[in-house]
Amino acid sequence: MSGPMQDWKSQKKPFAAVATAPVFWLALFFIAPMTIVWLYSFGQNAGPADIDISGTLDNYKRATEWLYLSIFLKSLAVAALTTLICLIIGFPVAMAITFAAPKWRPWLLLGIMLPFWTNLLIRTYALMALMGTNGYMNKGLGGLWEGASWLRTLVGMQPLEAWTPVQLLYNNFAVVLGLVYVHLPFMVLPLYSALDRLDKSLIEASLDLGAGHFKTFMQVVVPLAAPGIVAGVMITLIPALGAYLTPDLMGGTDSQMIANVIERQFKRANDWPFGAALSFLLIYAMFILIALQSMRSNKVKEAR
Amino acid sequence: MFNRTAIAPLEYTRKLWMRSWVGLTMLFLYAPLIVLMIFSFNDSKRNVVWKGFTLKYYEKALNNDSLVEAMVNSLTIAFLATIISLVIGALAAVMLWRFRFPFKGLVEGTMSLPIIVPEICLGVAFLIFFAKIDWPTDLPWPLNLSAITIAHITFCFPFVAMVVRARLASFNKEEEEAAKDLGATEWQAFRDVLLPHIKPSLVAGALLAFTLSLDDFVITFFTSGPDTITFPVKVYSMVRFSVTPEVNAASTILIVLTVALTFIALKYQGLKGISDAH
């Protein structure tokens with residue numbers, strides 16, 4: 001960047017021209033709605049459509065009941081598992097893109113990014129169609145089962161019973177798979193951008209000095225790609241924690257996540273103050289995650 | 001075949017397991033979408049076996065008034081939200097890039113919040129907000145879409161601001177000063193010098209805002225009324241209550257639209273731009 005920034009006082013008119021619209025919009029259509037939610041979280045229902053903001057902490061007390069606490073913890077566990085699976089699948093993919101021939105690299109990146117641009121609902125729906133009891137995933141499993149059965153007859157054992165389609169949808173497995181499907185591009189892109197900046201001669205040096213590929217990977221590549229890993233984890237974990245659509249459409253009765261509980265307070269249960277309190281607890285959880293990350297990156301900066 | 005060079009240590013991409021890994025990942029990402037697109041042409045109500053080619057579900061989808069209305073609503077909202085987000089986002093970027101002012105960190109932080117705050121919380125906030133201020137819900141089209149459009153602008157413009165600000169970092173301020181020395185007014189310098197420089201980022205930001213708006217389900221779900229159904233909300237209720245092949249046809253249309261938009265973006269930025277941008 002060239003030239004210093006201007007002080008707003010010396011350029012009041014141009015400053016007002018550029019600042020008014022964004023600041024006004026942010027205050028009216030972001031801060032005001034969020035403030036109302038925050039105030040409602042300290043209120044109680046005082047009639048069918050009336051909420052009395054009495055400063056009560058009952059909503060927060062209720063949120064710490066085991067029923068809600070366990071859903072919170074479960075959401076965190078599901079989001080963490082999703083992130084871990086995305087990291088395991090995504091790291092080799094990001095490595096492959098980094099070390100691909102230059103003419104292939106943009107196409108591979110496009111391949112990762114295109115689903116990311118596709119409508120979330122359509123992607124979830126497409127995955128559901130594939131996972132239904134008549135879907136291709138069940139057919140594939142059925143094929144494997146028959147193959148195994150045939151192998152058993154080859155070695156003289158009893159064949160397996162006929163394949164019955166399994167219920168792949170509407171359970172926790174489906175929720176995690178759906179979340180991985182949706183969030184995988186989020187993980188790959190930051191990993192790629194970190195790996196791309198990495199000095200490749202360091203890997204060569206490590207290999208030349210006798211370390212194996214695995215050791216080089218663990219002791220050279222992973223530490224150097226750490227900022228990308230942290231960014232990828234955050235960018236996957238945060239939306240996965242607040243996921244609504246995937247658990248709603250693909251989950252069963254026992255796989256609801258925190259966002260589904262919040263939605264219910266506003267639609268069926270009609271307990272807005274409690275829903276507001278849960279929303280803010282979710283937001284606080286995000287803030288804690290972000291604070292942990294920035295503390296970590298500050299530490300890294302100091303260490304250097 | 002025999003003349004292949006040996007795989008160098010760093011050519012991870014040429015190793016078989018790596019290739020299969022990438023191949024399987026791509027299969028995982030694309031198989032559901034491709035199966036959905038293929039079966040949208042299938043002449044069978046149950047999407048299991050291929051019964052022959054037909055366009056009847058496209059015809060049905062295009063004759064389904066509520067589905068078409070939802071699509072028109074979605075595109076209208078996306079269009080309006082993109083234009084307004086573009087203006088507000090670009091102004092915000094110029095403000096943060098050019099000026100020093102009190103509470104700048106606070107403004108900057110608050111502006112990134114709509115990106116971070118979970119969709120469900122933002123959706124709930126808009127539901128409460130529009131109920132609290134008694135936002136009129138019986139306006140004629142397209143004014144009845146205003147609540148959804150406002151909500152979309154709130155989460156779209158910070159993305160535009162981010163993209164434009166990244167581009168502004170490479171602007172040479174001396175060019176603007178030269179223009180002013182030569183007699184250009186503040187506005188002329190903005191229009192003729194700064195604006196052409198940030199044009200690529202405006203295109204990128206517009207496409208980003210358009211897709212984000214078109215894609216949004218959760219926030220719209222909380223701000224839409226019975227007369228303001230958008231495409232994702234419509235598909236949601238169709239998937240929820242009865243899966244019909246019409247959804248496949250309508251989804252295929254939207255996927256094709258998305259791919260087309262992506263390729264327009266590529267034309268502007270170039271294929272190399274993708275790998276450079278990250």
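Labels below follow one simple rule: chain letters A, B, ... track the order of the sequence lines, proteins then strands, and each chain is numbered from 1.
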Self-check item: Partner chain A: residue of B/L207, B/T154, B/I133 with the largest heavy-atom pair count (under 4.5 Å)
Solution: B/T154
Exercise. Give, as side chain, backbone, both or neither, the part of B/E119 having an atom under 4.5 angstrom from any heavy atom of chain A.
Key: neither
Self-check item: Polar side-chain atom of B/W21 near backbone of A/I89 as donor-acceptor pair, under 3.5 Å
Solution: yes
Quiz item: Are A/L177 and B/F28 close enough, and set up right, to give a side chain to side chain contact (heavy atoms under 4.5 Å, CB included), and what steps lead you there?
Solution: CA-CA 10 Å; A/L177 189 75; B/F28 173 57; 4.2 Å; yes
Self-check item: Most contacts with chain A, counted as non-hydrogen pairs under 4.5 angstrom, among B/A125, B/A92, B/A93, B/A90
Solution: B/A125
Self-check item: Whether B/D215 side chain and A/L120 backbone form a donor-acceptor pair below 3.5 Å
Solution: yes
Practice problem: Could you label the plane-to-plane angle of the B/F101 and A/F15 rings as parallel, tilted or perpendicular, counting under 30° as parallel and over 60° as perpendicular? | Solution: tilted
Quiz item: Which one of B/F190, B/F222, B/W187, B/F231 has the most heavy-atom pairs closer than 4.5 Å to chain A?
Solution: B/F222
Quiz item: Picking from B/I153, B/L254, B/L257, B/L127, which has the most non-hydrogen pairs under 4.5 angstrom with chain A?
Solution: B/I153
Quiz item: Is it true that the NZ or CZ of A/K267 lies under 6.0 Å from the centre of B/F221's six-membered ring and within 45 degrees of the ring axis?
Solution: yes
Quiz item: So which part of B/L33 gets closer than 4.5 Å to some heavy atom of chain A, the side chain, the backbone, both or neither?
Solution: both
Exercise. Indicate the ring-plane relationship of A/Y244 and B/Y236, choosing parallel, tilted or perpendicular according to the 30° and 60° boundaries.
Key: tilted
Exercise. For atom OH of A/Y284, decide whether the heavy atoms of other residues, nucleotides or ligands shown that lie under 6.0 angstrom number more than 12.
Key: yes
